[in-house]
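See below for the structure under consideration.
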There are 2 protein chains.
Amino acid sequence: MAAKAAPFSIERDRGTEQRILDAANTVFLRRGTAGARMEEIAREAGVNQALLHYYFRTKDRLAEAVFRHAAQQLLPSVIEILGSALDLDVKVERVVQLELEHLSRTPHLPGYILSELHQRPERARQLISAITGITPEEAGPRVLTALRRQIDERVKAGTMAAITPEQFVVNLISLCIFPFAARPMIMGVLGLDQVEFARFIEQRRRLLAPFFLRALRP
Amino acid sequence: MAAKAAPFSIERDRGTEQRILDAANTVFLRRGTAGARMEEIAREAGVNQALLHYYFRTKDRLAEAVFRHAAQQLLPSVIEILGSALDLDVKVERVVQLELEHLSRTPHLPGYILSELHQRPERARQLISAITGITPEEAGPRVLTALRRQIDERVKAGTMAAITPEQFVVNLISLCIFPFAARPMIMGVLGLDQVEFARFIEQRRRLLAPFFLRALRP
DNA sequence: GTCTATAACAGGATAGAC
DNA sequence: GTCTATCCTGTTATAGAC
């Protein structure tokens with residue numbers, strides 16, 4: 001319980017439990033829950049396997065902790081931004097920048113979340129509340145209501161093509177997240193190596209918001 | 001080897017091997033390779049576990065067969081369409097219709113493929129050749145060359161906003177595939193049940209191509 | 001808290017009868 | 001070809017010393 005001071009090294013020691021969590025994060029994100037091995041996590045953390053069970057009773061509980069943490073990372077504040085009072089164009093630009101920037105740093109995240117959700121759809125509920133901190137029943141409607149008002153306004157003014165808020169949201173996050181979730185496929189189809197893929201994403205940060213905004217025009 | 005006639009039942013017996021393959025398909029697509037259990041596949045196929053090993057030596061070989069089959073289903077002819085000589089607008093419309101229609105029938109497919117590719121990136125190569133029947137080194141360039149020419153033409157004529165063929169392709173397949181790959185997440189965030197999700201996709205079939213084409217205008 | 005050793009179990013694979 | 005019974009390996013989980 002007592003926080004340990006880091007006597008020498010600059011990067012402070014966050015304790016064994018945290019080291020294990022970090023290792024678990026790495027391994028689960030890479031291999032998926034079913035494919036992850038407790039032994040590999042222990043090795044990655046530089047401790048032995050028994051210690052994992054000391055801190056987190058079972059593999060299931062550890063997986064649970066990792067998923068919860070990961071869920072808070074995907075869509076970091078997308079729902080918050082989209083539900084805010086910002087101008088619609090600004091929302092788009094911010095979501096794009098935030099997501100591409102963030103996912104560039106944690107490229108395994110989308111693949112992991114989608115895999116988990118695909119194999120355990122009941123976790124969707126958990127994902128939503130992790131993102132928003134409120135119940136799933138409220139999060140969606142809140143965002144959609146805000147968007148619907150902004151869209152209606154513009155459509156009436158004739159400055160925007162008709163679109164439902166649902167399609168709006170799905171289009172936007174599809175364009176942001178899919179390239180990372182499908183990274184191996186995209187690298188394969190387009191014949192890119194790692195460096196070229198990174199460049200591709202950089203280019204995308206400049207082109208995506210304008211692309212999306214053009215699609216919104218009447 | 002001899003095809004069996006179906007003496008009584010109308011649905012003809014496609015043989016045990018095929019029944020096992022179908023069952024394996026169902027289970028692997030639902031649970032992922034690591035999460036799938038031979039026992040569950042046997043039960044699903046209505047045979048016992050030993051028979052799986054009789055037909056397909058190991059779990060790995062069975063998984064291999066399933067992946068190969070699945071790979072041929074995703075992007076059914078997207079690469080072919082995009083690499084063809086069709087008009088650009090027609091390509092977009094056809095890809096959208098083909099993919100949404102097809103994925104509506106096999107909703108687990110994208111999640112499964114992405115999971116596999118995420119955990120075993122080396123399979124990307126196998127995916128590409130399964131799609132195109134030609135080597136990965138040729139498939140990408142072929143499509144991109146065709147698109148680049150069409151895009152350049154239009155941009156010069158001033159009828160289209162500048163975009164690289166790579167971003168063009170990724171945008172298009174992101175918008176088609178992601179909603180299925182992230183189905184549980186989307187249902188959660190938007191608060192949709194199964195029926196409402198199906199309606200959402202129906203709506204998407206009408207709205208997606210126009211949306212995309214608007215984004216292409218100058 | 002951390003370790004070594006080992007128990008307990010799950011799941012894939014095989015033997016052999018029919 | 002198909003089944004039942006069983007083996008065997010890999011993996012999670014616990015006991016107990018330090």
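For the numbers below, each heavy atom of this structure counts, side chains included, while hydrogens, waters and symmetry mates do not.
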Salt bridge (charged side-chain N to carboxylate O under 4.0 Å, His left out) partners for A:Arg37, two or more places apart: none
Residues in salt bridge (charged side-chain N to carboxylate O under 4.0 Å, His left out) contact with A:Glu99, at least two apart in sequence or another chain: none
Below 4.0 Å: OP1/OP2 of D:dC3 and any side-chain N or O of B:Asn48: yes
Under-4.0 Å side-chain N/O to phosphate OP1/OP2 contact, B:Tyr55 with D:dT2: yes
Side-chain N,O (A:Thr58) to OP1/OP2 (D:dT12) below 4.0 Å: no
Side-chain donor or acceptor of B:Lys91 paired with backbone N/O of B:Leu147 under 3.5 Å: no
Proximity to DNA chain D (any heavy atom under 4.0 Å), residues of residues 61-70 of chain A only: none
Distance below 4.0 Å between A:His53 side-chain N/O and D:dA13 OP1 or OP2: yes
Separation of C:dG11 C1' from A:Lys59 NZ (nearest whole Å): 13 Å
N/O donor-acceptor pairs under 3.5 Å from side chains in residues 66-77 of chain A, not counting sequence neighbours:
residue	atom	partner	partner atom	Å
A:Arg68	NH2	A:Glu64	OE2	2.7

Mind listing the side-chain donor-acceptor pairs of residues 190-199 of chain B below 3.5 Å, one per line with the distance, residues two or more places apart or on another chain?
residue	atom	partner	partner atom	Å
B:Asp193	OD1	B:Val195	N	3.1
B:Asp193	OD1	B:Glu196	N	2.8
B:Glu196	OE1	B:Asp193	N	2.9

Residues in contact with DNA chain D, drawn from residues 20-45 of chain A - heavy-atom cutoff 4.0 Å: A:Ala36, A:Arg37, A:Met38
